[in-house]
Chemist: 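Provided herewith is a single structure, encoded as C-alpha cells, for subsequent inquiry.
Below, all heavy atoms of this structure are taken into account, side chains as well, without hydrogens, waters or symmetry copies. Chain identifiers are assigned alphabetically (A, B, ...) following the order of the sequence lines, protein sequences preceding nucleic acid strands; residue numbering begins at 1 within each chain.
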Protein chains: 2
Amino acid sequence: MGNKQQITERIAALLKDSKLSVTETRTKILELFMKSNGALEHSDFEKLAGKSFDRVTVYRTLQTFLDKGIIHKIPTTDTSVRYAVCKSECTEHHHHDHHVHFKCEACGHTICLDETNIPEIQLPKGFAANNVEVVVSGVCKSCK
Amino acid sequence: MGNKQQITERIAALLKDSKLSVTETRTKILELFMKSNGALEHSDFEKLAGKSFDRVTVYRTLQTFLDKGIIHKIPTTDTSVRYAVCKSECTEHHHHDHHVHFKCEACGHTICLDETNIPEIQLPKGFAANNVEVVVSGVCKSCK
DNA sequence: TAAATTTTGCAACATTGTTGCAAAATTACA
DNA sequence: TGTAATTTTGCAACAATGTTGCAAAATTTA
Ligand SMILES: [Zn+2]
Ligand SMILES: [Zn+2]
Ligand SMILES: [Zn+2]
Ligand SMILES: [Zn+2]
C-alpha cells in the first residue's frame with residue numbers, strides 16, 4: 001500500500017511525467033481515484049472531498065487527465081460520465097484500455113476488469129472497427 | 001417502404017399494442033425514428049421536428065417508450081443519451097437487444113447492427129453477468 | 001528571488017433534465 | 001354519437017450539469 005507520503009510522491013511523479021504542474025487539486029483528485037478502486041463521476045469529487053474543489057476546476061482537471069491519458073471514460077446509458085485511472089502503460093498517444101468494464105447492479109460500482117480482454121467482433125462487410133467498448137452489468141464478486 | 005398513410009397506421013397499431021394512447025407527439029417521434037434509420041438523441045427531436053414539441057413532452061415520451069420496450073438506450077462516453085427503436089420481438093417484459101452498436105467516427109451516426117451478435121465474455125470468478133453492451137466505433141459502410 | 005507560465009476560483013451564462021398542475025386530447029362506454 | 005373518465009400535453013418554475021472569460025494565485029523556470 002505505502003503511506004500517505006509515498007502516495008503523494010508517486011502522484012507527483014505521475015504528473016511530472018505528463019508535463020503537468022503538481023498542484024493540490026490534481027493531487028487530491030488522483031488520491032481519490034487511487035483510494036476508490038473503481039470509477040468515479042463528477043458528483044463523487046464534490047462529495048468525497050468535502051466540497052473543497054471548485055466545480056469548474058474538477059471539470060478542467062478531468063479533461064486535462066483525459067488529454068494526457070491518465071484517465072479514461074467508461075460508457076453509460078445515463079447522463080453521468082464515469083472515469084477511471086489508466087494503467088501505467090497508457091500514454092498521451094497510445095492507450096492500452098482494451099479491457100472490459102463491469103457495473104454492479106447491487107452496489108452500483110463500476111470497475112475496470114483489467115485482465116478481461118475484449119473479444120474480436122465480426123462486423124458486417126464494409127465496416128471498419130477502430131475501438132470496441134464492452135460494459136457488462138450484473139453482480140460483482142463482493143455483492144454475490 | 002409504404003406511403004405516409006400506411007406508416008401512420010403501423011405506428012398507431014404499435015402504440016395500441018403497448019396500450020398507449022395514439023397521440024400526435026408519439027406518432028411524430030416514432031416517424032422520426034423510422035425515417036432516421038439510426039439512433040437519435042434529445043436534441044435531434046427539437047431540430048428535426050421544427051420545434052413543434054415541448055421539451056418536457058419529448059422527455060416523457062422517450063421514457064414511456066423505454067418503459068414499454070419500444071426503444072432502447074445506447075451507451076455513450078459523452079453526456080448525450082442515444083435511443084433506437086427495438087425490433088418487433090421486444091416487449092415490455094422481454095428484450096431481444098443482444099446486438100452490437102456501431103458509432104461512425106466520420107458521419108457521427110450511431111446504428112444498431114442487428115445481425116451482429118454479442119460474444120460471450122469470460123468474467124473473473126465471482127462475477128455474474130446479466131447484460132452485455134458492446135459499442136464499436138470506426139468507419140461505417142457509407143463513409144468508407 | 002524575480003519573471004514567465006500555468007492553474008485556479010469566481011461570476012455569469014448555456015444546456016439539460018425534473019416536477020406540479022391545469023388545460024387539452026384521447027379513450028371508454030352508454 | 002355524445003358525455004364522462006382517463007391520459008397526455010404544455011407551461012412555469014426549478015434543479016442539476018456543463019462552459020467561458022478573466023483576474024488572482026500558485027507553480028515552474030532560470
Ligand atoms: Zn457490487
Ligand atoms: Zn477501465
Ligand atoms: Zn459513417
Ligand atoms: Zn440497438
Chemist: Can you give me the closest heavy-atom contact between Ile70(B) and Ser18(B), atom names plus distance?
Modeler: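 So the two residues come closest at CD1-OG, 3.6 Å.
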Chemist: Just the table, please: protein N/O against nucleotides 23-27 of chain C N/O, every pair under 3.5 Å.
Modeler:
from	atom 1	to	atom 2	distance (Å)
dT27(C)	OP1	Val22(B)	N	2.7

Chemist: Where the side chain of Lys73(A) meets the backbone of Thr77(B), is there a donor-acceptor pair that is under 3.5 Å apart?
Modeler: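 Yes, Lys73(A) side chain to Thr77(B) backbone: donor-acceptor pair under 3.5 Å.
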Chemist: Which residue, Lys4(A), Arg26(A), Arg10(A), forms the salt bridge (charged side-chain N to carboxylate O under 4.0 Å, His left out) with Glu31(A)?
Modeler: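 The option that passes is Lys4(A).
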Chemist: Find the distance Phe45(B):CZ to dT9(D):P and express it as a whole number of Å.
Modeler: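 Value for this atom pair: 14 Å.
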Chemist: Under the side-chain contact (heavy atoms from CB on, under 4.5 Å) test against Leu14(B), which residue among Thr27(B), Leu30(B), Leu20(B) passes?
Modeler: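 Going through Thr27(B), Leu30(B), Leu20(B) one by one, the side-chain contact (heavy atoms from CB on, under 4.5 Å) with Leu14(B) is satisfied by Leu30(B) alone.
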Chemist: Would a distance-only check, ignoring hydrogens and angles, find a side-chain to backbone donor-acceptor pair under 3.5 Å from Ser36(B) to Gly38(B)?
Modeler: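 Yes; judged by distance alone, with no hydrogens or angles, the pair exists.
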Chemist: Can you tell me how far P of dA12(C) sits from CG of Asp54(A), to the nearest Å?
Modeler: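 Atom-to-atom, Asp54(A) to dA12(C), this comes out as 14 Å.
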Chemist: Relative to the ring of His42(A), is the ring of Tyr59(A) parallel (under 30°), tilted (30 to 60°) or perpendicular (over 60°)?
Modeler: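 Because their plane-to-plane angle lies in the 30° to 60° range, the rings of Tyr59(A) and His42(A) count as tilted.
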Chemist: Determine, step by step, whether Phe127(B) and Phe102(A) satisfy the ring pair (Phe, Tyr, Trp, His ring centres under 6.0 Å) criterion, reporting the C-alpha distance in whole Å, the side-chain angles of both residues, the deciding distance to 0.1 Å, and the verdict.
Modeler: CA-CA 9 Å; Phe127(B) 288 83; Phe102(A) 188 90; 4.9 Å; yes
Chemist: What is the distance, to the nearest angstrom, from the NZ atom on Lys68(B) to the C1' atom on dT8(D)?
Modeler: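 Roughly 14 Å, once rounded to whole Å.
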Chemist: What is the per-nucleotide protein-contact pattern of nucleotides 13-21 of chain C, from the 5' end, where B denotes a base atom under 4.0 Å from a protein heavy atom, S denotes such proximity for sugar-phosphate atoms only, and - denotes neither?
Modeler: ---BBBBBB
Chemist: Rounded to the nearest angstrom, tell me the gap between atom NZ in Lys19(A) and atom P in dT29(D).
Modeler: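 My rounded result for the distance is 11 Å.
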Chemist: Report the distance from atom CD1 of Ile74(A) to atom NE2 of His72(A), rounding to the nearest 0.5 Å.
Modeler: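 One gets 4.5 Å once the value is rounded to the nearest 0.5 Å.
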Chemist: To the nearest Å, how far apart are Arg26(A) CZ and dA26(D) C1'?
Modeler: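 In whole Å, dA26(D) C1' and Arg26(A) CZ are 11 Å from each other.
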Chemist: Rounded to the nearest angstrom, tell me the gap between atom CG in Leu30(B) and atom P in dT8(D).
Modeler: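 Taking atom P of dT8(D) as the reference, CG of Leu30(B) is at 14 Å.
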Chemist: Rounding to an integer number of Å, can you tell me how far Leu62(A) CG sits from dT19(D) P?
Modeler: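 Checked: the CG to P distance equals 11 Å.
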Chemist: How many Å lie between CG on Asp78(B) and C1' on dT19(D), as a whole number?
Modeler: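 Atom CG in Asp78(B) sits about 15 Å away from atom C1' in dT19(D).
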Chemist: So which atom in Val136(A) and which in Ala129(B) form the shortest heavy-atom distance, rounded to 0.1 Å?
Modeler: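 Looks like CG1-CB, 3.6 Å.
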